[in-house]
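Residue numbers start from 1 in every chain, and the chains themselves are labelled A, B, ... in the order their sequence lines are given, proteins ahead of strands. All values reported here derive from a predicted model rather than from experimental measurement.
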Amino acid sequence: MEREVRVRFAPSPTGPLHIGGVRTALYNYLFAKKMGGKMLLRIEDTDQNRFVPGAEDYIFQSLEWCGIKLDESPVHGGPHAPYRQSERKPMYMDYALKLVNDGHAYYAFDTAEELDAMRERLKAAKVATPQYNAITRNTMRNSLTLPEDEVKELLESGTPYVIRLKVPRKEEIRLKDLIRGWVLVHSSSIDDKVLMKSDGMPTYHLANIVDDHLMDITHVIRGEEWLPSAPLHVLLYRYLGWESTMPEFAHLPLLLKPDGNGKLSKRDGDKLGFPVFPLEWHDPFTGEKSSGYRESGYLPEAFVNFLAFLGWNPGTHQEIFSMDELAEAFSIERIGKSGTRFDINKARWYNEQYLRAKPDAELAQYLLAALAEHNIACSEEKAVKIASVMKERVTFPQDFWREAAYFFVAPETYNEKVAEKKWNNAAVAVFEDFKNQLPNIQEYTADNIKALLLQILEQHNMKIGQVMQALRLALTGLEAGPDLMAIIEIIGPDETAKRIETATEKLQAYIPS
RNA sequence: GGCCCGUUCGUCUAGGGGUUAGGACACCAGAUUUUCAUUCUGGUAACAGGGGUUCGAUUCCCCUACGGGCUACCA
């Protein structure tokens, strides 16, 4: 019997989604798409203490920006609504109680202080793993140690309690991971995890099993940090009687900091010199602002392509993939096992590739938008020309303005080194003639402009290499840039003449005597 | 500390018992050019170490080292 593939992305709204979370969502999406299945988003907000306003909205915006489409979610709705665990609160207790009745879970009344004391005691006794487990639960205050009527009384009097899973003392738990193969864990290394908290909310462990089962999830694709608790989840499926429809697991290798020193985390913010968030984030508590890939100028297609290759590869030499191509090529088997260091260089390269693949007219819009902000008028035609000469030299859309402002604004300062080396009387004399004859050009094109310059150069007995740097300096103030003749064509004869005049005045001091 | 996972160029990775260990980013050099960039060509650079198994291990097994994750009434 083939079940329809159903995967879920289940973030908790405790802040902005970070890049590792985006990758997890992406892999889920690619897998669902590849298999012709469905992807849903479930908000895991069972810890009300960690609620961060705006976080949920941020998650949706991020996925939308990336082009990750959801079939079911709190905002898209779906047959398994609600998709927010806080709204599903009433349903979890039944399952917890079932576990209690079946002898797989129990009430525990220990206070935080008592738990601390227990751990201290075990630590002092040099116990390797101080935990609430098959041995220690016998010394604690729970429904396994207390007389039945006392338990009843405590419950009825409203004493705070939690429900803990009764993990067997000696049992091998096997777990098949799609990426790592069989993982064997002994039950003695798992503690009696809290299933229901004293505030009536389930913990992640219970909630995710109940919801994944109810929502018909077939594959759980999540970060490697969940691998240690996966055996516990297997136990829960078993005790709840759902083992036959238990989803398959795939635990993704983590995204590491560039130095390999620990996993990339939200707290890294901008400390590493690159964004860790897809979109800019304003912390509602501290007011702190963290940069995002979108605002930094990364195109979503480039960002997605880059992210997909962090830990996965198609096994071919193709590097550029659209979302559809990624989905087509995707398979869980080709996800790597080891942690992936983050390298922003590759992201920049991808961005350049995607930018250059765009038609000039589209790139021109980036420039036009920036110009509008600076209240500078510019024709569509001119913007397209500039985009065309700049596209091979930009990494981000902002660069069209940032690195090409001289098309609109005359230079106010000039590169000193070039001025010292290249500005001289011979060059100035050429420019003077050039400036004066510019209006004579019939058809004002880069080719014709060059022909004129060459002709003047010949009259002066000079070669083009002797003046180009100086001319570029006069017109742009810079030492480098796109083809100068194209620049002259674009800024026009009047502006060119004006800039030559200005430079001749301002650079007088650099002329060697 | 305990448990779990991992380890191929600087980085992302392909590969797999016998290969000149392949690609991409980055880096370096050359070519082109009016500069820088682009582009093209070429180059440097890797199987963590030690034991097995085997005719032969980078590939399979074990150990060590190193790295990472988990170890909450957080997810």
Side-chain angles (χ1 to χ4, degrees), chain A residues 10-14 44-47 49-50 85 108 110-112 115 119 123 126-132 160-164 175 177 179-180 183-186 188-191 193-205 207-208 222-231 251 253-254 256-258 260-263 306 309-320 334 336-350 352 356 390-394 403 415 418 422 450 453 463-473 476 478-485:
Chain A
S12 64
T14 54
E44 309 233 325
D45 54 352
T46 51
D47 186 354
N49 298 321
R50 294 212 300 161
Q85 290 184 328
D110 316 277
T111 63
L115 290 171
R119 293 197 183 97
K123 241 187 260 175
K126 300 261 187 336
V127 173
T129 48
Q131 55 184 17
Y132 207 118
Y161 67 92
V162 301
I163 295 179
R164 283 180 182 272
L175 159 85
D177 184 274
I179 294 172
R180 287 150 219 287
V183 177
L184 237 94
V185 181
H186 196 90
S188 62
S189 65
I190 303 173
D191 61 347
K193 280 273 179 301
V194 170
L195 265 19
M196 293 297 294
K197 301 188 258 190
S198 57
D199 63 2
M201 275 287 197
T203 58
Y204 167 84
H205 301 292
N208 108 86
R222 80 235 287 197
E224 194 185 0
E225 69 266 32
W226 293 111
L227 194 51
S229 57
H251 288 95
L254 266 16
L256 272 23
K257 296 176 209 266
N261 213 223
K263 67 171 173 176
F306 161 71
F309 271 68
L310 245 32
W312 172 87
N313 78 86
T316 66
H317 285 168
Q318 185 181 344
E319 304 276 341
I320 305 292
R334 295 205 66 88
K337 291 178 171 62
S338 48
T340 305
R341 293 192 197 195
F342 192 86
D343 181 14
I344 195 66
N345 254 328
K346 197 94 174 221
R348 293 170 56 93
W349 179 79
Y350 268 113
E352 288 166 359
R356 283 168 203 173
M390 291 301 293
K391 71 189 293 184
E392 298 294 319
R393 37 205 325 123
V394 297
E403 289 179 21
N415 181 294
V418 179
K422 304 286 185 180
K450 187 168 189 179
L453 181 63
K463 279 191 264 171
I464 195 163
Q466 292 174 270
V467 299
M468 286 303 268
Q469 283 280 77
L471 187 53
R472 179 181 297 283
L473 183 73
T476 71
L478 303 176
E479 72 293 345
D483 177 54
L484 232 204
M485 299 307 139

What's [X] touching, base or sugar-phosphate or nothing? Going by heavy atoms closer than 4.0 Å.
X	answer
A:Gly223	nothing
A:Val183	sugar-phosphate
A:Glu479	base
A:Asn415	nothing
A:Asn261	sugar-phosphate
A:Leu484	base

[X] [atom1] to [N] [atom2]: how many Å, rounded?
X	N	atom1	atom2	value
A:Leu227	B:rC70	CG	P	11 Å
A:Glu403	B:rA37	CD	C1'	9 Å
A:Gln466	B:rU35	CD	P	13 Å
A:Leu471	B:rU35	CG	P	14 Å
A:Arg119	B:rG2	CZ	P	19 Å
A:Tyr350	B:rC25	OH	C1'	9 Å
A:Ile320	B:rG23	CD1	C1'	14 Å
A:Lys197	B:rA72	NZ	P	15 Å

Open item on the list: If you define the side chain from C-beta out and look only at heavy atoms, does anything of A:Leu254 sit under 4.5 Å from A:Glu225?
Closed with: yes

Collect all protein-nucleotide pairs involving nucleotides 28-30 of chain B in which both atoms are nitrogen or oxygen and the distance is under 3.5 Å.
none

Open item on the list: Suppose we call a contact any N or O donor and acceptor under 3.5 Å apart; does that hold for the side chain of A:Arg50 and the base of B:rC74?
Closed with: yes

Open item on the list: Is it the case that the base of B:rC3 and the side chain of A:Ser189 share a donor-acceptor contact (distance under 3.5 Å, atom types as modelled)?
Closed with: no

Task: Distance test, side-chain N/O of A:Lys263 to OP1/OP2 of B:rC70, below 4.0 Å - done: yes

- [ ] Look at A:Arg348 and B:rC25 and indicate whether a side-chain polar atom (N or O) is within less than 4.0 Å of OP1 or OP2.
- [x] no

Pairs: protein N or O with nucleotides 11-15 of chain B N or O, under 3.5 Å:
| from | atom 1 | to | atom 2 | distance (Å) |
| --- | --- | --- | --- | --- |
| B:rC12 | OP1 | A:Arg341 | N | 2.9 |
| B:rC12 | O2' | A:Phe309 | O | 2.9 |
| B:rU13 | OP1 | A:Gly311 | N | 3.1 |
| B:rU13 | OP1 | A:Thr340 | OG1 | 3.0 |
| B:rU13 | O3' | A:Asn313 | ND2 | 2.8 |
| B:rA14 | OP1 | A:Asn313 | ND2 | 2.9 |
| B:rA14 | O3' | A:Arg334 | NH2 | 3.2 |
| B:rG15 | OP1 | A:Arg334 | NH1 | 3.4 |
| B:rG15 | OP1 | A:Arg334 | NH2 | 3.4 |

Answer yes if the side chains of [X] and [Y] hold a donor-acceptor pair under 3.5 Å, and no otherwise.
X	Y	value
A:Arg222	A:His251	yes
A:Asp47	A:Tyr204	no
A:Asn415	A:Glu479	yes

Task: Upstream residue (5' side of RNA chain B) when A:Thr46 and A:Gly260 are each assigned their closest nucleotide - done: A:Gly260

TODO: Tell me which of A:Lys450 and A:Thr111 sits closer to the 5' end of RNA chain B, going by the nucleotide each one is nearest to.
DONE: A:Lys450

- [ ] Can you figure out which of B:rU39, B:rC70, B:rC73 approaches the side chain of A:Arg356 most closely?
- [x] B:rU39

